[in-house]
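The structure appears below as structure tokens.
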Amino acid sequence: MENGRKIFTNINFDDGHIIGASRWKEIQFVIVTNVLWEYAIPSWETHTLKTYAIQDNQNPLQLKLFSTSDCAIQYAITLSKKWHIKCIIAQWFADIDTH
């Protein structure tokens, strides 16, 4: 996404392919941007979390997770329009079994 428009679509995105076992049954989605965001973490006193990923509003140490790619896309469109930024939607796994 860029300024509210899709600028590239990976034809294999959200195709149901699972690359490994995860403790969550369903694939979820996250948004990564080209802007470094700074989140206040109450327990860190004056230190902050700086990341390119969109974090959860209720728990900034957790990524903002979307249950469907459509939800993530709509949120990214809104973000990219509001802040004039680029966003990437990515599949997220809780962990990947390497065995």
Side-chain angles (χ1 to χ4, degrees):
M1 303 302 150
E2 183 176 16
N3 295 325
R5 296 182 343 266
K6 287 184 188 180
I7 56 174
F8 174 78
T9 300
N10 178 345
I11 60 170
N12 296 314
F13 179 71
D14 197 18
D15 64 357
H17 177 72
I18 298 174
I19 63 171
S22 172
R23 61 188 139 129
W24 288 359
K25 301 271 187 244
E26 301 295 325
I27 296 171
Q28 296 191 320
F29 301 87
V30 297
I31 300 172
V32 181
T33 70
N34 66 329
V35 173
L36 187 62
W37 302 89
E38 188 170 10
Y39 296 91
I41 310 296
S43 63
W44 291 6
E45 298 175 8
T46 60
H47 300 286
T48 59
L49 171 67
K50 294 179 182 176
T51 179
Y52 289 95
I54 300 301
Q55 302 297 111
D56 188 282
N57 293 334
Q58 303 303 317
N59 179 6
L61 289 175
Q62 172 66 46
L63 291 168
K64 184 169 184 66
L65 300 175
F66 299 88
S67 59
T68 68
S69 59
D70 289 336
C71 289
I73 289 167
Q74 290 308 310
Y75 195 88
I77 287 171
T78 301
L79 275 179
S80 67
K81 276 184 186 177
K82 180 177 181 179
W83 299 102
H84 304 287
I85 61 173
K86 294 179 182 176
C87 298
I88 295 174
I89 312 299
Q91 292 180 348
W92 183 86
F93 297 84
D95 47 34
I96 298 174
D97 183 1
T98 58
H99 300 341

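Rounding to the nearest 0.5 Å gives a distance of 12.0 Å between CD1 of Ile85 and OH of Tyr52. With rounding to the nearest 0.5 angstrom, the CH2 atom of Trp37 is 14.5 Å from the NZ atom of Lys50. Atom-to-atom distance recorded for Leu65:CG and Cys71:SG is 12.0 Å, nearest 0.5 angstrom. To the nearest 0.5 Å, atom CD1 of residue Ile77 and atom CZ of residue Arg5 are 11.0 Å apart. Here the CG atom belonging to Asn59 is positioned 7.5 Å from the CD1 atom belonging to Ile41, to the nearest 0.5 angstrom.
Across all non-hydrogen atoms, the minimal contact from Leu63 to Ala53 is CD2-CB, 3.3 Å. Closest of all the heavy-atom pairs between Ala40 and Pro42 is O-CD, 3.8 Å. Heavy-atom minimum distance, Ala72 versus Ile89: O-CD1, 3.5 Å. Closest approach of Tyr39 and Pro60 over heavy atoms only: CB-CB, 3.9 Å. Closest of all the heavy-atom pairs between Thr33 and Cys87 is CG2-SG, 3.9 Å. Among all heavy-atom pairs drawn from Lys81 and Gly4, the shortest one is CG-CA, 3.4 Å.
Taken together through direct or relayed side-chain contacts under 4.5 Å among Ile, Leu, Val, Met, Phe, Trp and Tyr, Val32 and Leu36 form part of one hydrophobic cluster.
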Verdict with supporting geometry, Trp83 and Val35, side-chain contact (heavy atoms from CB on, under 4.5 Å) = CA-CA 9 Å; Trp83 299 102; Val35 173; over 6 Å; no
Check the pair Lys6, Ile73 against side-chain contact (heavy atoms from CB on, under 4.5 Å), reporting the backbone distance first and the verdict last.
-> CA-CA 9 Å; Lys6 287 184 188 180; Ile73 289 167; 4.1 Å; yes
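By the side-chain hydrogen bond (donor to acceptor under 3.5 Å, both in side chains) test, Gln58 pairs with no residue at all, sequence neighbours left out.
Within a 6.0 Å sphere centred on CD1 of Ile88, heavy atoms belonging to other residues, nucleotides or ligands number 12 at most. The 12-atom threshold is exceeded at NZ of Lys64, counting heavy atoms of other residues, nucleotides or ligands nearer than 6.0 Å.
Judged by distance alone, with hydrogens and angles left aside, the side-chain atoms of Asp56 form no donor-acceptor pair with the main-chain N or O of Gln62 at under 3.5 Å.
Using the six-membered ring where Trp is involved, Phe66 and Tyr75 have ring planes that are tilted, between 30° and 60° apart.
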